[in-house]
Number of protein chains: 2
Amino acid sequence: MARPREFCIDQALFKALNVFWRHGFEGASLTDLTEAMGITRPSLYAAYGNKEELFRKALDLYDETYMGFTQEALKKPTARAVAESLLMGFAEAATAVGHPPGCLGTNSVLVCSEASEPIREELMRRRASLEATLRRRFEKAKAAGELPPESHPGDLARFIMTTVHGMSIQAAGGVTRQSLLRVADMALKAWPD
Amino acid sequence: MARPREFCIDQALFKALNVFWRHGFEGASLTDLTEAMGITRPSLYAAYGNKEELFRKALDLYDETYMGFTQEALKKPTARAVAESLLMGFAEAATAVGHPPGCLGTNSVLVCSEASEPIREELMRRRASLEATLRRRFEKAKAAGELPPESHPGDLARFIMTTVHGMSIQAAGGVTRQSLLRVADMALKAWPD
DNA sequence: GCCATAATATACCGATCAGTCCAGAACCGT
DNA sequence: ACGGTTCTGGACTGATCGGTATATTATGGC
């Protein structure tokens, strides 16, 4: 009973995601965003709220679209298989064609002006969340006697996530998939047995 | 034969370095910088050129002041000792008190707007430079029979630098020195023997 | 004391930032 | 055909961005 929206919300959000991915939250201007999305500013604000909300929605879409493999990885039968699946998955995701290199959650806001602090904190929260999930998975494995008694699930999770973040930076610097897969392979050599 | 400068160039540069470290290149505004440095804009431009040149000078000062340990690490007698020294050194540097957490070279520009592309490329160049130096050191070690013949110096250097970059991100997220040292320790378990 | 020189502080520049006002246009229900 | 409602486009807001013109002030040499 009113004028219909002339663009697809999810499709335009996908375009926005790519801009944020390439330029980060602060580096992506509203002009960049609206041009890529093919809509005007009032349409953007009516549909998504503001730049910050748009970014959070883009982040959710990113998780659904590109980070699904992490949930699959967590289902692997052994802790080592989980670690391997995560490392290999990130190496491949960070170097896939069709989108910018690296991980959005890692690269888009690391340091920023005071104004973007809430977004920075949100990203830190999400990074910590995956690490905590991983740690719990490793704790379960240790309790099941699958990891040696002297191993520390928290350290293992932190090491895996550290490698993952590092791979994201390397990918942003142009490092190839094959190279990152070898990095993942080498990281697995540190795994306890 | 002219009015003397009322501030110390190196001391003010040090203040600027801290602002860039905390907020990144784009996140640090000229207002932030001049307030921290205790000087006015014209003084800043007369002394350092512009924001970009100021950042490059701050980067040089950063290398001299905080990255000296890398040169020391490269002088260690064995490849493994080099790797260990680098990892431990970065873990400690990234979590030292008195300055922001993480590594300036890693965190200050990862993704950015088109306008800052030259700075981003400069940082990628510097990151790649250290990795190349490390690779050459490992090649020497391999030639000396110190590393197994099937080892790949390039992969080893890339793995170390990936861990280092990841530690910088973890530090920026508030991870403690002890935790990063354990990450470094675990990474060393992947070292060939 | 006075000049040349260079650093200072204020006030400003055009450009761009995120965000919004408003007029017109497209739709649905009646 | 006509309201009521919602989206669209362009023009605009105040604030902030990096950078600068200008007038003043402090110095050393003469």
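Quick caveat: nothing in here was measured; it's all calculated off a predicted structure. A note on names: the letters A, B, ... follow the listed sequences, proteins ahead of strands, and every chain is numbered from 1.
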Plane angle bin for A:His99 and A:Trp21 - parallel if under 30°, tilted between 30 and 60°, otherwise perpendicular: parallel

Those residues of residues 47-59 of chain A lying under 4.0 Å from DNA chain C by at least one heavy atom: A:Asn50, A:Lys51

Verdict with supporting geometry, B:Phe20 and B:Ser108, side chain to side chain contact (heavy atoms under 4.5 Å, CB included): CA-CA 7 Å; B:Phe20 282 131; B:Ser108 58; 5.7 Å; no

Any N/O donor-acceptor pair, B:Arg5 side-chain to C:dA6 base, under 3.5 Å: no

Passing candidate, salt bridge (Lys or Arg N to Asp or Glu O under 4.0 Å) with A:Asp63, options A:Arg127, A:Lys57, A:Arg126: A:Arg126

Base C:dA25 to side chain A:Arg3, donor-acceptor N/O within 3.5 Å cut-off: yes

Chi angles and distances behind the side chain to side chain contact (heavy atoms under 4.5 Å, CB included) call for A:Gln170, B:Glu131: CA-CA 11 Å; A:Gln170 293 282 32; B:Glu131 186 175 308; 3.3 Å; yes

Contact boundaries on DNA chain D for chain B, cut-off under 4.0 Å to non-hydrogen atoms: D:dC17 to D:dG28

Side chain to side chain contact (heavy atoms under 4.5 Å, CB included) assessment of B:Asp10 paired with B:Leu61: CA-CA 9 Å; B:Asp10 287 337; B:Leu61 179 61; 5.9 Å; no

Positions of residues 7-40 of chain A (non-hydrogen atom under 4.0 Å from DNA chain D), listed by number: A:Phe7, A:Thr40

Qualifying residues under side-chain hydrogen bond (donor to acceptor under 3.5 Å, both in side chains), relative to B:Ser29, sequence neighbours excluded: B:Asp32

A:Lys15: salt bridge (Lys or Arg N to Asp or Glu O under 4.0 Å) partners, not counting sequence neighbours: none

A:Glu139 bridged to A:Lys142 by N-O distance under 4.0 Å: no

Carboxylate-amine/guanidinium proximity below 4.0 Å for B:Glu72 and B:Lys75: yes

Nearest-nucleotide 5' precedence on DNA chain D, A:Glu6 against B:Tyr45: A:Glu6

Salt-bridge contact B:Asp185-B:Lys189 (side-chain N to carboxylate O under 4.0 Å): yes

Shared hydrophobic cluster for A:Leu104 and B:Val111 (ILVMFWY, side-chain gaps under 4.5 Å): no

First of B:Ala2 and A:Pro42 reached from the 5' end of DNA chain D, by closest nucleotide: A:Pro42

Atom CD of A:Gln11: over 12 foreign heavy atoms under 6.0 Å: no

Range-with-range stems for DNA chain D, at least three Watson-Crick or G-U pairs under 3.5 Å: C:1-30 with D:1-30

